[in-house]
Engineer: 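Structure incoming, see below.
Quick caveat: nothing in here was measured; it's all calculated off a predicted structure. Letters go in sequence order (proteins before strands), and every chain restarts at 1.
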Number of protein chains: 2
Amino acid sequence: MKRAKKKVFADFMSQKGLKSTKQRDIILDCFLSSDRHLSIEELYLKLRSKHPNIGYATVYRTLKLFAEAGIAREMQFGDGQTRYEHVSEGEHHDHLVCTRCGHIEEFENETIEKLQDEVADSRGFLIERHRLEIYGLCANCRK
Amino acid sequence: MKRAKKKVFADFMSQKGLKSTKQRDIILDCFLSSDRHLSIEELYLKLRSKHPNIGYATVYRTLKLFAEAGIAREMQFGDGQTRYEHVSEGEHHDHLVCTRCGHIEEFENETIEKLQDEVADSRGFLIERHRLEIYGLCANCRK
DNA sequence: GCCATCATGAAAGTGACATTCATTGACATT
DNA sequence: AATGTCAATGAATGTCACTTTCATGATGGC
């Protein structure tokens, strides 16, 4: 899976006439071996320990490239930071966000999606995408 | 309804020992006679034409007061601007957001809410609030 | 190896809040 | 009416999270 995404990214880059660099390889490795929901800042700090010479701007631009290549997705959870989520082949899911520890869980619910379609239909609305986030306390933080 | 909200705000202010001022009255009037989803910037610009002496900071602080008083609610739609929505008495709803014209419609669906509760329960998650937004083309923009 | 491009990173810029602080204004007290 | 008190105001400034610029530094096709 990790290897597959590396290939997707390599293909995307060569197709776009962009170059493979040490930094991009390092950032991709770090991203793929991280949490599923990571902010630029978090990834930057994680990299700094081993690669203090990689700049914030490079992490920022590289994550944008990941998004364009389809291996990452930009997400806003209302804390003022953009997070990047791993994307796996056309899959979609919604989120449970813990307001105490920041932990993010994913879930899917076919019935909810279907009801959304019905709502949209009844208003003549054509759905492009949606977001559903449930905020509260995760099982751990409820103790 | 407009009168009712003015009373709610007046009560909140006197209860908190805060003062009623010309500016706050003007901002409340302008807010109540506006779109249901307004950013600080939009409200500020709308006010400037008639009241060029009201500062951005005052609009900003006054909208926060409205939110505290329960007559407005802060919302993020991912465009980087906080929007304030009119609140009517403990009501909740979700949104259909048109990606072309920016039009925002509201909807409620009891079944979706119930399914969300089930998902949260199954993960031991305690819901505080949620957000559901459907992005796409409104009936008008589909033509 | 040469060189036209692309990539990098330090620094500066941007936009949308959020805060500061000197001044103003509203009411209560002399 | 003048003064005192203290919250409210708004111009200016600060903050934060990006976002862009620009002077180098790398890369990949001949």
Side-chain angles (χ1 to χ4, degrees), chain A residues 9-31 37-69 72-84 102, chain B residues 9-10 12-31 37-69 72-85 102:
Chain A
F9 187 58
D11 289 351
F12 170 82
M13 295 298 274
S14 70
Q15 186 196 321
K16 284 268 188 180
L18 300 173
K19 291 167 182 170
S20 148
T21 68
K22 271 195 302 289
Q23 288 91 334
R24 284 173 178 171
D25 291 346
I26 291 166
I27 295 170
L28 181 53
D29 260 336
C30 190
F31 176 70
H37 303 88
L38 212 59
S39 68
I40 299 175
E41 180 81 10
E42 284 164 353
L43 191 51
Y44 172 63
L45 291 176
K46 196 173 166 193
L47 282 162
R48 266 180 71 87
S49 51
K50 276 194 182 299
H51 307 279
N53 53 321
I54 293 185
Y56 181 95
T58 300
V59 177
Y60 161 79
R61 285 180 295 225
T62 305
L63 283 175
K64 287 268 180 206
L65 281 179
F66 292 172
E68 281 181 55
R73 188 188 291 126
E74 295 187 4
M75 308 234 59
Q76 305 287 339
F77 289 105
D79 64 347
Q81 280 191 247
T82 301
R83 285 167 190 285
Y84 286 82
Chain B
F9 186 58
F12 171 82
M13 294 297 276
S14 69
Q15 185 195 321
K16 285 269 187 177
L18 301 174
K19 292 170 182 171
S20 151
T21 67
K22 270 195 303 288
Q23 287 91 333
R24 285 172 178 171
D25 290 347
I26 291 167
I27 295 171
L28 180 53
D29 260 336
C30 190
F31 176 70
H37 302 88
L38 213 57
S39 69
I40 298 175
E41 180 81 9
E42 284 164 354
L43 190 51
Y44 172 64
L45 291 176
K46 195 173 166 192
L47 283 162
R48 266 182 71 87
S49 52
K50 276 193 181 303
H51 307 279
N53 53 323
I54 293 185
Y56 182 95
T58 300
V59 177
Y60 163 80
R61 284 180 295 226
T62 306
L63 282 175
K64 288 269 180 206
L65 281 178
F66 292 171
E68 281 180 54
R73 186 187 293 126
E74 294 188 4
M75 309 233 56
Q76 305 287 340
F77 288 105
D79 64 347
Q81 280 192 246
T82 302
R83 284 167 192 287
Y84 286 83
E85 156 180 280

Engineer: Between atom CD in A/E74 and atom C1' in D/dC18, what is the gap in whole Å?
Structural biologist: 11 Å
Engineer: Looking at every strand, decide which applies to A/S39 at a 4.0 Å heavy-atom threshold: base, sugar-phosphate, or nothing.
Structural biologist: nothing
Engineer: In chain order, what residues pass the side chain to side chain donor-acceptor pair (under 3.5 Å) check against B/R48, with sequence neighbours excluded?
Structural biologist: B/Y44
Engineer: Just to be sure I understand the geometry, which residues of residues 41-52 of chain A put a non-hydrogen atom under 4.0 Å away from DNA chain C?
Structural biologist: none
Engineer: Side chains of A/T82 and A/M75: does their closest heavy-atom pair fall under 4.5 Å?
Structural biologist: no
Engineer: Please report the closest heavy-atom contact between B/Y60 and B/I40, naming both atoms and the distance.
Structural biologist: CD1-CD1, 3.7 Å
Engineer: Round to the nearest Å and state the distance from A/D79 atom CG to D/dC18 atom C1'.
Structural biologist: 13 Å
Engineer: Is there a side-chain contact between A/L65 and A/L18, using heavy atoms and a 4.5 Å cut-off?
Structural biologist: yes
Engineer: Extract, from 5' to 3' on DNA chain C, the first and final nucleotides lying under 4.0 angstrom from some heavy atom of chain B.
Structural biologist: C/dA16 to C/dA26
Engineer: For A/E42, what residues pass the salt bridge (charged side-chain N to carboxylate O under 4.0 Å, His left out) criterion, not counting sequence neighbours?
Structural biologist: A/R83
Engineer: Which value, rounded to the nearest 0.5 Å, describes the distance between A/S39 atom OG and A/L63 atom CG?
Structural biologist: 9.5 Å
Engineer: With sequence neighbours left out, what residues match B/E74 under salt bridge (charged side-chain N to carboxylate O under 4.0 Å, His left out)?
Structural biologist: B/K64
Engineer: Can you list every pair that meets side-chain hydrogen bond (donor to acceptor under 3.5 Å, both in side chains) and has a residue in residues 14-30 of chain B, with sequence neighbours left out?
Structural biologist: B/K6-B/D29
Engineer: What residues from residues 11-29 of chain A pass a heavy-atom cutoff of under 4.0 Å to DNA chain C?
Structural biologist: A/L18, A/K19, A/T21, A/Q23, A/R24
Engineer: Which stems, defined as runs of 3 or more consecutive Watson-Crick or G-U wobble pairs with both pairing distances under 3.5 Å, involve DNA chain C?
Structural biologist: C:1-30 with D:1-30
Engineer: Identify, with sequence neighbours excluded, every residue that meets side chain to side chain donor-acceptor pair (under 3.5 Å) alongside B/E41.
Structural biologist: none
Engineer: What parts of residues 54-64 of chain B reach DNA chain D, counting only heavy atoms under 4.0 Å away?
Structural biologist: B/I54, B/G55, B/A57, B/T58, B/R61
Engineer: On a heavy-atom basis, which atom in B/G78 and which in A/Q76 lie closest, and how many Å separate them?
Structural biologist: CA-CG, 4.4 Å
Engineer: State, to 0.1 Å, how close B/V59 and B/I27 come at their nearest heavy-atom pair, and which atoms those are.
Structural biologist: CA-CD1, 3.9 Å
Engineer: Side chains of residues 49-58 of chain A: which donor-acceptor pairs under 3.5 Å do they make with residues two or more places apart or in other chains?
Structural biologist:
{"unit_1": "A/S49", "atom_1": "OG", "unit_2": "A/K46", "atom_2": "O", "d": "3.0"}

Engineer: Checking A/F31 now: which residues fulfil ring-ring contact (aromatic ring centres under 6.0 Å, His included) with it, not counting sequence neighbours?
Structural biologist: A/F66, A/H86
